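A quick write-up on the structure given underneath.
None of these values were measured; they are calculated from a predicted model. Starting from 1, each residue takes its place in the sequence as its number.
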Amino acid sequence: MASAGKPQPTRPRRYDIALRLVVALPLGYALSALGGVCLAFWLPLSRADNAMAGILLGLILWPVIFMASFAVARIGRLLALLIPVTCLLSALALLGGWRP
């Protein structure tokens, strides 16, 4: 239903939600996992403490990214943020000595 001053979406709402899920699930998981790996390699603590900090960061980061994927207005902005950050974290993880 249209109302005055409210722009009409270019695609149906269900496709927008499905597209956001397709972006949020794999990219959110990849970003949280790589963030945990980077933290585990780059913190100057013991090996066990680094691993625990990386796990905890991943557990906090994935729901935040998932919720943020539904909070942004346009899916292009979300992709413009998540893809470069994921590439940066993967490069940092590889520089830290991570071998997939």
Side-chain angles (χ1 to χ4, degrees):
M1 199 180 225
S3 63
K6 196 172 191 182
Q8 288 294 323
T10 56
R11 59 184 176 270
R13 181 133 173 92
R14 65 176 171 246
Y15 293 126
D16 189 50
I17 291 174
L19 185 61
R20 287 175 189 268
L21 277 173
V22 166
V23 169
L25 289 173
L27 276 178
Y29 180 78
L31 191 67
S32 64
L34 287 170
V37 167
C38 285
L39 196 63
F41 275 113
W42 291 97
L43 278 180
L45 302 172
S46 70
R47 195 169 174 172
D49 289 339
N50 286 350
M52 185 59 67
I55 290 169
L56 291 175
L57 177 76
L59 286 174
I60 292 170
L61 199 56
W62 189 75
V64 169
I65 294 168
F66 190 82
M67 287 184 280
S69 71
F70 288 94
V72 297
R74 293 184 1 214
I75 197 76
R77 287 183 184 170
L78 178 68
L79 287 172
L81 177 71
L82 289 182
I83 289 175
V85 171
T86 305
C87 292
L88 177 70
L89 286 177
S90 63
L92 286 173
L94 289 172
L95 286 173
W98 179 59
R99 300 292 175 240

Rounded to the nearest 0.5 Å, how far does CG of Leu79 lie from CZ of Arg20?
9.5 Å
If you link ILVMFWY side chains whenever their heavy atoms are less than 4.5 Å apart, which other residues fall into the same cluster as Ile60? By chain and number, please.
none
Let me check something: do Leu78 and Trp62 share a hydrophobic cluster, defined by ILVMFWY side-chain heavy atoms less than 4.5 Å apart, either directly or through other members?
no
With sequence neighbours excluded, give me every side-chain hydrogen bond (donor to acceptor under 3.5 Å, both in side chains) pair touching residues 36-60.
Ser46-Asp49
Would you please name every residue forming a side chain to side chain contact (heavy atoms under 4.5 Å, CB included) with Val64, sequence neighbours left out?
none
Restricting to side chain to side chain contact (heavy atoms under 4.5 Å, CB included), what partner residues turn up for Ala53, sequence neighbours left out?
Leu39, Leu43
Drop me the distance from Asp16's CG to Leu21's CG, to the nearest 0.5 angstrom.
10.0 Å
Could you pull out all donor-acceptor pairs under 3.5 Å where a side-chain atom in residues 25-34 meets a protein atom, sequence neighbours excluded?
{"from": "Ser32", "atom 1": "OG", "to": "Gly28", "atom 2": "O", "distance (Å)": "3.1"}
{"from": "Ser32", "atom 1": "OG", "to": "Tyr29", "atom 2": "O", "distance (Å)": "3.0"}

With sequence neighbours excluded, tell me which residues meet ring-ring contact (aromatic ring centres under 6.0 Å, His included) with Phe70.
Phe66
How would you list, by chain and number, every residue that makes a side chain to side chain contact (heavy atoms under 4.5 Å, CB included) with Ile55, sequence neighbours excluded?
Leu59
Does Cys38 form a side chain to side chain contact (heavy atoms under 4.5 Å, CB included) with Leu92? I'd like the steps, not just the answer.
CA-CA 6 Å; Cys38 285; Leu92 286 173; 3.7 Å; yes
Under 3.5 Å, side-chain donor or acceptor atoms of residues 84-91 against the rest of the protein: list the pairs with distances, not counting sequence neighbours.
{"from": "Thr86", "atom 1": "OG1", "to": "Leu82", "atom 2": "O", "distance (Å)": "2.7"}
{"from": "Ser90", "atom 1": "OG", "to": "Thr86", "atom 2": "O", "distance (Å)": "3.3"}
{"from": "Ser90", "atom 1": "OG", "to": "Cys87", "atom 2": "O", "distance (Å)": "2.8"}

Path from Tyr15 to Ile17 over hydrophobic side-chain contacts below 4.5 Å
no
Remaining members of hydrophobic cluster (4.5 Å side-chain criterion), Val22:
none
If hydrophobic clusters are built by linking Ile, Leu, Val, Met, Phe, Trp and Tyr wherever their side-chain heavy atoms come under 4.5 Å apart, do Met52 and Leu45 end up in the same one?
no
Establish whether Ile65 and Met67 are linked, either directly or via other cluster members, by ILVMFWY side-chain heavy-atom contacts under 4.5 Å.
no
